Protein chains: 2
Amino acid sequence: MDEETDGIPQNRPAARDVDATDRKILGVLVDDATVSYAELGDRVGLSPPAAHERVKRLRRSGAIRSTAAIIDPKAVRKPLLAFVHIDTKGWGKTPELMAISEHPEVEEIHSVAGDTCMLIKVRTEDTRALEGLLSRLYETPGVTSTRSYVVLSTYLERPVQPGVTTEWPTPRHMAKPLY
Amino acid sequence: MDEETDGIPQNRPAARDVDATDRKILGVLVDDATVSYAELGDRVGLSPPAAHERVKRLRRSGAIRSTAAIIDPKAVRKPLLAFVHIDTKGWGKTPELMAISEHPEVEEIHSVAGDTCMLIKVRTEDTRALEGLLSRLYETPGVTSTRSYVVLSTYLERPVQPGVTTEWPTPRHMAKPLY
DNA sequence: GATTGATGCAGAATTTAATACGGCCATTAT
DNA sequence: ATAATGGCCGTATTAAATTCTGCATCAATC
């Protein structure tokens, strides 16, 4: 029953947008994806097969990118979190990005407006390992400089929240937009 | 069978540290936590019950914090990613942090070395919603200023990688540490 | 305005996987 | 040397995932 024979997802079934029930489901699964469909159905007011059907659709449409174990960085000996600005000659060319993302310590690579550098997020065992990673990044062709910012402590770290509101309101205290 | 009657986890069973097999398991589960224990066992060279046992232990010890659905921010209408520096009078007092983390748009709150402000990561629907969030953050007692950096594009975003190496080597090109 | 098609849901049945149990082997401590 | 512990495998049992059928609702069409 697998219709994904073509390589290119040309005729996706319109990817019907996420409704309130879907958001409730996402809210549950973001918190704990190990719940049974029976319990998931209970929580959002659906039968187990219906809940299952919704989740399958959310996966197919890509709304649920994956289901992943969230690891404690300390448990894998990466307690040190840092943000690094990387200046590159090419400024976002694919080869450099590939080279940078090779390192398993690198978790995020962003291009920031108003800045000619990449902002990356890395985790290492300690400052020495960070130093080593930075020098290895510096050796990457195209990288001209790095500046790193060590995080002292993290107070919140959570995945994307679905936001189970009825429908996206403009902030209460703001006037209607003019355009 | 729940031994968590005490509030304080005083006598945790030593939390035996994560070995190579555990790292392999974490590597699989970070990528896809929906695999059966049969397949997980196959991939890491264990029988299904043995794999199950290791995963249970990894959960108990806290190495696996949770199992979560990873949501596409676009699917829940939060395509705009930004990092915000927030200056606070108290500099990391609990009430402000609580107030800041109330907002579902806020995903991370960090305290950065050498900086007297918090670095937070937020996602909103558009720049208008970001503006609204910023002004709401500014209204929070203790918050004295905010500076926001909008992300143009994100090239990599992945969870904590377990790093399936044999044992943590110092970087190849570095000399043995002196202390 | 009635009809037809499509979509989503519930309930039951079936298949599959998760979980619990007993015994074996290796390593460690006494 | 020997007992005890921890980790693993194979099997059995239980629970959940998955499939299937029928029904109701809504939308588009004639």
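Quick caveat: nothing in here was measured; it's all calculated off a predicted structure. Note on naming: letters A, B, ... go to the chains in the order of the sequence lines (proteins, then strands), and numbering restarts at 1 for each one.
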Looking at [Y] and [X], is there a salt bridge between them, counting it only when a charged N and a carboxylate O are closer than 4.0 Å?
| X | Y | value |
| --- | --- | --- |
| A/Asp19 | A/Arg54 | yes |
| B/Lys121 | A/Glu107 | no |
| A/Glu39 | A/Arg43 | yes |
| A/Lys78 | A/Glu125 | no |

Can you tell me the distance, in whole Å, between the [atom1] atom of [X] and the [atom2] atom of [N]?
| X | N | atom1 | atom2 | value |
| --- | --- | --- | --- | --- |
| A/Tyr37 | C/dA10 | OH | P | 16 Å |
| A/Leu40 | D/dA17 | CG | P | 9 Å |
| A/Glu39 | D/dA17 | CD | P | 10 Å |

- Task: Scan side-chain atoms only and decide if B/Ser101 and A/Arg158 contain a donor-acceptor pair under the 3.5 Å cut-off.
- Result: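 No pair is found: no donor N or O on one side chain lies under 3.5 Å from an acceptor on the other.
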
- Query: Which of residues 44-59 of chain A have a heavy atom under 4.0 Å from DNA chain D?
  - Reply: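 Residues of residues 44-59 of chain A under 4.0 Å from DNA chain D: A/Pro49, A/His52, A/Lys56.
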
